[in-house]
Amino acid sequence: MSPRPVAVVGAAAVSAAGLCWRGLASRTIEPARSRELEASHPGTLAFEVPPIPPAADAGDARARKAMSRPARLAAIAAREALADAGFRGGAEATGYFLGVGASGGPVSEMLAMLLGSLDAQGEVSPARLGAEGLAASNPLFTFHVLNNFTLCHGAILSGIQGPNAALFSRGGGTVTALREAAFAVGEGDCDRALAGGADTALHPVTWSELCRDGFAAGGLVPGEGAALLALERIGGGGSPLAYLERASVLAGRRHSLEEVLEAAVASEPDRPVDHLILAPWGEAARAALHRFARRALPGAPILDVTRRLGESLAATPALAWVSALDLLTAGSSARALVLSAGIDGDLGLVTLAREPHR
Amino acid sequence: MSPRRVFVRGAGARTALGRTWPESVAALAAGASAVGPIEGFDARGFPCAVAAPVPGATEGATEGDRRLAFALPAAREAWAAAGLTVPPGRLGVFVGAESGRVTFATLVALARAAGGGDTFDHASFLREGPALAAHLAPARLSPASVTSALAAALGARGPVATVSLACASGAAAIAEAARAVRLGECDVALAGGVGADVDALLLAAFGLLGALSARGVSCPFDARRDGFVLGEGAAMVVLSSERGAAIAEIAGTGGSLDAHHLTAPHPGGEGAVRAMTAALRAGGAFTLGGAPSPPVDYVQAHGTSTVANDAVEAAALRRVLGADLERARVSSVKGALGHAIAGAGALGFLCALEAVEHGLVLPTAGLREPDRGCELPHVLGSAETRVVRGALVNAFAFGGANVSLFLRRAA
């Protein structure tokens, strides 16, 4: 069962293109040497969010000390999405559903604790961890590493009080977040909701893992970002930019991506799609999605968001939806299908249309 | 398709007091507590040196992932109790879980890779990076790997979701599963939560927050309370749209955000009130301070044993249920099992299920001197037996995310 169609009344995106969602689909951005990875992985090309002007940043300096990078980007996106949608007041009736990754804390702070915990032989000693290790630690470190804080910082700063979920995501979880939000709005649990994802592939440990697993050698370019759609019931009083017709996740664990795509096509309503937005994780998924696109929708324009904005893990599907919204509002598309394939093997399908289906 | 009812067909748990849920219930009913000095590692220097670990579950179990060492047996127990046959595509899995842990050996590698000195040596980290990464097993770190493992164990191919909402994860996962069954996304769902956090790293993390009991006592709502005690375990339920022999059904779920503070609850309990009210409203006509239908005869409170949380929750309960609260009973399983973080809400749900199904209202272990600021109809000492028509379960997370579940006897 799909959620009832809901209206998309606003959006926000923080990406290598900056703090904007309009024009995101047409901007051409080149990866650049990563500031974040320069020390540990010098020369790595990445799609990094440009320096954020103080006026546009999340909270004040004190609040930001407690934020992981994804939490900071999510908090900015939440504020911008609320403003873009014109959501004022009604905080209790505003839901917030976010795909999140494992929020790695700053390596330097993690190591301060660990280095304070080494015994004379250079081994980590639990007893020293509980004493000297804690004494050397930043008390705010814990806030960086709890996954749900990627959602909670933004909720606190923007005063969002409604139904919510932080879904762990390596692709599929972010689409599930959108699906949950659409259900919550469609079923009346809340009047409106923000849904999306926030994450970074630029944490030194995360990038080390991706290198180890062969993604870097396979051409994956790391990125970071946060993106949100603002949803409202159709007829809820806002000015719809588009309509969310479908948000579903097909489990790919026991099937090839091609099989999952076939199932997706079979379950797609018989209405024309004029644009395909692809968000593949890695080259194998990219090849499969492009093969499918050429065969199923020959001639339809394809926008490969991961290629344009890098791999931002839990944020990538949401950046793809917002790119689709940009195409719809710019008049370049009437109905766009967003296919995202995460490292978890799950396939996300999201359909956005300029006009409501009657 | 009109929304369907959601029945609870089976339950299972691995706790510090039992290898199965009935074994745990027997110990909990007698007022037992698993809270004791930490023996797995030298915890003398930590702000809190007690916990409620699951005995016998070591890092060597289940491919080194203690989360699976708890979650898999709990899931199998719940599944066996349900005794259902369902097409794989109609079976969903919804789990509340947080990240797993690297071993101390990896921590040593981390420290050494960074130079092992007073400052972070990036050049050294670069040289040692590949070796470091080799120690980071994705399956042990990812919250989603628990969900994947349970789906594989049951052969489930329906919807899956991993909720990482800290202390509310397990309850939120049950709420997501109930929605999926109610709206027809799947016919049957395995849902629950797991926490495996009695280790030096989490003890350090929560010690940094100042949230742990310095006195080493888990005594929710007690005048002596001064913080929570870490616990661990897993609780799973099987939900179905088919009633079968089920006694209990999920009547409503509610969620809210405090939007107030990273660790402290809203002093007025506004978020907690909204979550409880939403769950009761979803179960039927309800106004704040009025009488829900069916009546709430039992509340499994979040009750962590922290000074602020317990007082705020007690006041919020009074606002939501009004005078009806006096006819109910309130307890928190954290007095006996500590705080199992991502598993806590699911363990609480099983306590409420026990009350609805068997009329067994479990006590709050450790509660001896009820705080006047937490005046509630507590269950002291050992379990009480009474008819429970409706039960409310609360789970409130760091960061201000609140989840409430409303369970009732199926008419």
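Just so we're clear, the structure is a prediction, and the values are computed from it rather than from any experiment. Side chains are part of it too, since the values below use all heavy atoms of this structure and drop only hydrogens, waters and symmetry mates. We name chains A, B, ... by the order of the sequence lines, and we start the count at 1 in each one.
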>> Out of B:G255, B:A275, B:G210, return the one with the most heavy atom pairs under 4.5 angstrom to chain A.
In response: B:G255
> Given a strict heavy-atom distance threshold of 4.5 Å, which part of A:A91 is in contact with chain B: side chain, backbone, both, or neither?
Replying inline: neither
> Got B:L183 and A:F183 here, is their nearest side-chain heavy-atom distance under 4.5 Å?
Replying inline: yes
>> Only pairs of heavy atoms separated by less than 4.5 Å count here; which of B:T147, B:L257, B:D42 has the most with chain A?
In response: B:L257
> Shortest non-hydrogen contact from B:S99 to A:A102?
Replying inline: OG-CB, 3.9 Å
> Side chains of A:T176 and B:E176: closer than 4.5 Å at any heavy-atom pair?
Replying inline: no
> Under the ring-ring contact (aromatic ring centres under 6.0 Å, His included) test, which residues partner B:F206, sequence neighbours left out?
Replying inline: B:F228, B:F398
> Tell me, side chain or backbone of B:A204 under 4.5 Å from chain A's heavy atoms, or both, or neither?
Replying inline: both
> For the candidates A:A166, A:C152, A:G173, which exhibits the highest count of non-hydrogen atom pairs separated by less than 4.5 Å from chain B?
Replying inline: A:A166
>> Counting heavy-atom pairs under 4.5 Å with chain A, which one of B:T253, B:N402, B:L208, B:L262 comes out on top?
In response: B:L262
> In terms of heavy-atom proximity below 4.5 Å to chain A, should B:A166 be classed as side chain, backbone, both, or neither?
Replying inline: both
> Should we count CZ of B:R44 as having more than 12 external heavy atoms under 6.0 Å?
Replying inline: no
> Do you know which of B:A144, B:A97, B:G207 has the most heavy-atom pairs with chain A at a distance under 4.5 angstrom?
Replying inline: B:A144
> Considering only heavy atoms, which portion of A:L151 lies under 4.5 Å from any heavy atom of chain B: side chain, backbone, both, or neither?
Replying inline: side chain
> Can you check whether A:E180 reaches B:R179 side chain to side chain, under 4.5 Å on heavy atoms?
Replying inline: yes
> With only heavy atoms counted, which part of B:L203 is less than 4.5 Å from chain A, the side chain, the backbone, both or neither?
Replying inline: neither
> What's the spacing between A:I160 CD1 and B:S256 OG if we round to 0.5 Å?
Replying inline: 13.0 Å
> Rounded to the nearest 0.5 Å, how far does CG of B:L202 lie from CG of A:L146?
Replying inline: 8.0 Å
>> Within the structure provided, determine whether B:T162 and A:L167 are in side-chain contact (heavy-atom separation under 4.5 Å).
In response: no
> Stepwise, does the side-chain contact (heavy atoms from CB on, under 4.5 Å) test hold for B:E185 with A:R179?
Replying inline: CA-CA 11 Å; B:E185 283 188 84; A:R179 186 173 172 80; 2.6 Å; yes
> Got B:D258 and A:Q161 here, is their nearest side-chain heavy-atom distance under 4.5 Å?
Replying inline: no
> With a 4.5 Å limit on heavy-atom distance, are the side chains of A:N147 and B:P143 in contact?
Replying inline: yes
> Considering only heavy atoms from C-beta outward, does the side chain of A:N164 approach that of B:L165 to under 4.5 Å?
Replying inline: yes
>> For B:A172, which atoms come within 4.5 Å of any heavy atom of chain A: side chain, backbone, both, or neither?
In response: neither
